[in-house]
**Student:** 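First, the structure itself, so that you have it in front of you.
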Amino acid sequence: MTTVRIPAGWPATEDEARAVQDELRGRVVLDEPGPPPGTGRVTGVDVAYDDERDLVVAAAVVLDAAGLAVVAEATAVGRVSFPYVPGLLAFREIPTVLAALDELPCPPGLVVCDGYGLAHPRRFGLASHLGVLTGLPAIGVAKNPFAFTYDDPDTPRGSTSPLLDGTEEVGRAVRTRDGVKPVFVSVGHRVSLDNACAHTLALTPAYRLPETTRRADALCRAALREAAA
DNA sequence: GCGACAG
DNA sequence: ATCTTGTCGC
């Protein structure tokens with residue numbers, strides 16, 4: 001597991017962070033469909049914290065898209081680089097996540113983030129931010145609707161409903177298990193919303209959350225225990 | 001003006 | 001995110 005430092009020039013205030021989002025937002029690519037589900041590789045990224053010791057650990061787990069077997073894993077440790085502020089989550093996670101991705105022995109393919117992409121107050125959530133910085137196709141799959149609204153999708157797995165910011169569709173509520181609370185999918189970078197939803201369903205053969213985030217979550221928690229010990 | 005609000 | 005035991009159910 002490698003150690004990372006907070007990048008020079010990293011935003012120190014909320015205003016600075018918002019300014020960075022406003023500037024980078026223009027680099028998001030929305031006119032590409034992205035890789036077809038079930039082919040190539042899919043990488044889950046997630047982060048765990050120990051605020052007491054000022055530790056943050058990120059994990060990246062690469063899966064073969066066909067069969068979902070683990071192909072590679074990497075972790076990174078760092079210091080907390082920003083407080084948690086709704087809308088500014090990316091500044092808390094990105095330096096360490098980037099380091100974990102760098103440690104991978106193979107290309108990540110599509111990156112699946114725990115959070116949002118376009119479904120964001122300034123249309124530039126974690127998945128978009130990570131996508132722009134790496135150039136990789138990225139999507140966001142979140143467990144909560146944040147400040148957005150949606151109608152409950154029909155009961156069967158595969159049902160969806162628009163995730164709305166007013167009347168604008170910023171993502172989709174996707175039912176990944178019959179009758180279970182949906183997940184909230186949004187585009188990050190270089191992937192269409194339809195394709196992002198199809199990937200999400202391909203990654204949830206057994207549980208509500210994508211195998212990518214489940215694997216990454218388990219790995220960064222385990223790595224945090226080691227780092228804190 | 002006061003909450004609510006991804007992780 | 002994180003603090004946290006047992007319990008109900010397939």
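Side chains included, hydrogens not; waters and symmetry mates left out as well; all remaining heavy atoms used. A note on names: the letters A, B, ... follow the listed sequences, proteins ahead of strands, and every chain is numbered from 1.
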**Student:** For DNA chain B, just give me the dot-bracket, please: Watson-Crick or G-U, both distances below 3.5 Å, ( ) intra-strand, [ ] crossing earlier pairs, | paired with another strand, . unpaired.
**Tutor:** .......

**Student:** Extract from the structure each pairing of a protein N or O with an N or O of nucleotides 1-10 of chain C at less than 3.5 Å, listing the distance.
**Tutor:**
residue	atom	partner	partner atom	Å
C/dA1	OP1	A/R221	NH2	3.4
C/dA1	OP2	A/K143	NZ	3.2

**Student:** Looking at A/T96 and A/A58, would you say the former's side chain and the latter's main chain have a donor-acceptor pair under 3.5 Å?
**Tutor:**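 Answer holds: no.
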
**Student:** Answer with base, sugar-phosphate or nothing: what part of the nucleic acid does A/G87 contact at a heavy-atom distance below 4.0 Å?
**Tutor:**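 Contact class for A/G87: base.
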
**Student:** Is a salt bridge present between A/D217 and A/R221, judged by a nitrogen-to-oxygen distance below 4.0 Å?
**Tutor:**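 Yes, A/D217 and A/R221 are salt-bridged.
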
**Student:** Counting only non-hydrogen atoms, which of residues 122-132 of chain A are less than 4.0 Å from DNA chain B?
**Tutor:**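 Correct list: A/G125, A/L126.
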
**Student:** For A/V180, does its backbone N or O pair with a side-chain atom of A/R175 as donor and acceptor, under 3.5 Å?
**Tutor:**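 It does hold such a pair.
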
**Student:** For DNA chain C, what dot-bracket results from Watson-Crick or G-U pairs at under 3.5 Å, with [ ] for crossers and | for inter-strand partners?
**Tutor:** ..........

**Student:** Quick check: does any side chain N or O of A/R79 sit under 3.5 Å from a backbone N or O of A/V56, one acting as donor and the other as acceptor?
**Tutor:**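 Checked: no pair found.
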
**Student:** Going by salt bridge (charged side-chain N to carboxylate O under 4.0 Å, His left out), name the pairs with one or both residues in residues 123-133 of chain A, residues two or more places apart or in two chains.
**Tutor:**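 Passing the test, one end in residues 123-133 of chain A: A/R123-A/D165, A/R123-A/E168.
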
**Student:** Could you check how far NE2 of A/H120 sits from C1' of B/dA6, rounded to whole Å?
**Tutor:**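 Nearest whole value for this atom pair: 9 Å.
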
**Student:** Please list, chain by chain and in numerical order, all residues satisfying ring pair (Phe, Tyr, Trp, His ring centres under 6.0 Å) with A/F82, sequence neighbours excluded.
**Tutor:**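 Partners of A/F82 under the ring pair (Phe, Tyr, Trp, His ring centres under 6.0 Å) test: A/F91.
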
**Student:** Partners of A/R5 by salt bridge (Lys or Arg N to Asp or Glu O under 4.0 Å), sequence neighbours excluded?
**Tutor:**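 Applying salt bridge (Lys or Arg N to Asp or Glu O under 4.0 Å) to A/R5 gives none.
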
**Student:** Need one value for A/L163: base, sugar-phosphate or nothing, where a base atom within 4.0 Å counts as base even if backbone is also close, heavy atoms only.
**Tutor:**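 It contacts nothing in the nucleic acid.
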
**Student:** Which residues end up grouped with A/L224 if you chain together Ile, Leu, Val, Met, Phe, Trp and Tyr wherever their side-chain heavy atoms are less than 4.5 Å apart?
**Tutor:**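 The other cluster members (ILVMFWY side chains, heavy atoms under 4.5 Å, direct or chained) are A/M1, A/L55, A/V57, A/V77.
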
**Student:** Tabulate protein N/O versus nucleotide N/O from nucleotides 3-5 of chain B, keeping only pairs under 3.5 Å, one per line.
**Tutor:**
none

**Student:** If we count only N and O atoms by modelled type, under 3.5 Å, do the side chains of A/R157 and A/T204 hold a donor and an acceptor together?
**Tutor:**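 Present: a donor and an acceptor within the cut-off.
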
**Student:** For A/S186, which residues count as a side-chain contact (heavy atoms from CB on, under 4.5 Å) partner, sequence neighbours excluded?
**Tutor:**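 side-chain contact (heavy atoms from CB on, under 4.5 Å) list for A/S186, sorted by chain: A/Y116, A/A119.
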
**Student:** Could you walk me through whether A/R172 and A/T200 pass the side chain to side chain contact (heavy atoms under 4.5 Å, CB included) test, one step at a time?
**Tutor:** CA-CA 11 Å; A/R172 219 164 269 167; A/T200 299; over 6 Å; no

**Student:** List for me each residue that meets salt bridge (Lys or Arg N to Asp or Glu O under 4.0 Å) alongside A/E211, sequence neighbours excluded, and say none if there are none.
**Tutor:**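 Testing A/E211 for salt bridge (Lys or Arg N to Asp or Glu O under 4.0 Å), a comparison that skips the adjacent residues, returns A/R214, A/R215.
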
**Student:** For A/Y150 together with A/F184, are the ring centres under 6.0 Å from each other?
**Tutor:**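 Yes; A/Y150 has its ring centre under 6.0 Å from that of A/F184.
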
**Student:** Counting N and O atoms only, with roles assigned by atom type, does the side chain of A/H189 sit under 3.5 Å from a partner on the main chain of A/L136, one being a donor and the other an acceptor?
**Tutor:**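 No, A/H189 side chain to A/L136 backbone: no donor-acceptor pair under 3.5 Å.
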
**Student:** Going by salt bridge (Lys or Arg N to Asp or Glu O under 4.0 Å), name the residues that satisfy it together with A/D178, two or more places apart in sequence or in a different chain.
**Tutor:**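 By the salt bridge (Lys or Arg N to Asp or Glu O under 4.0 Å) rule, A/D178 matches no residue at all.
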
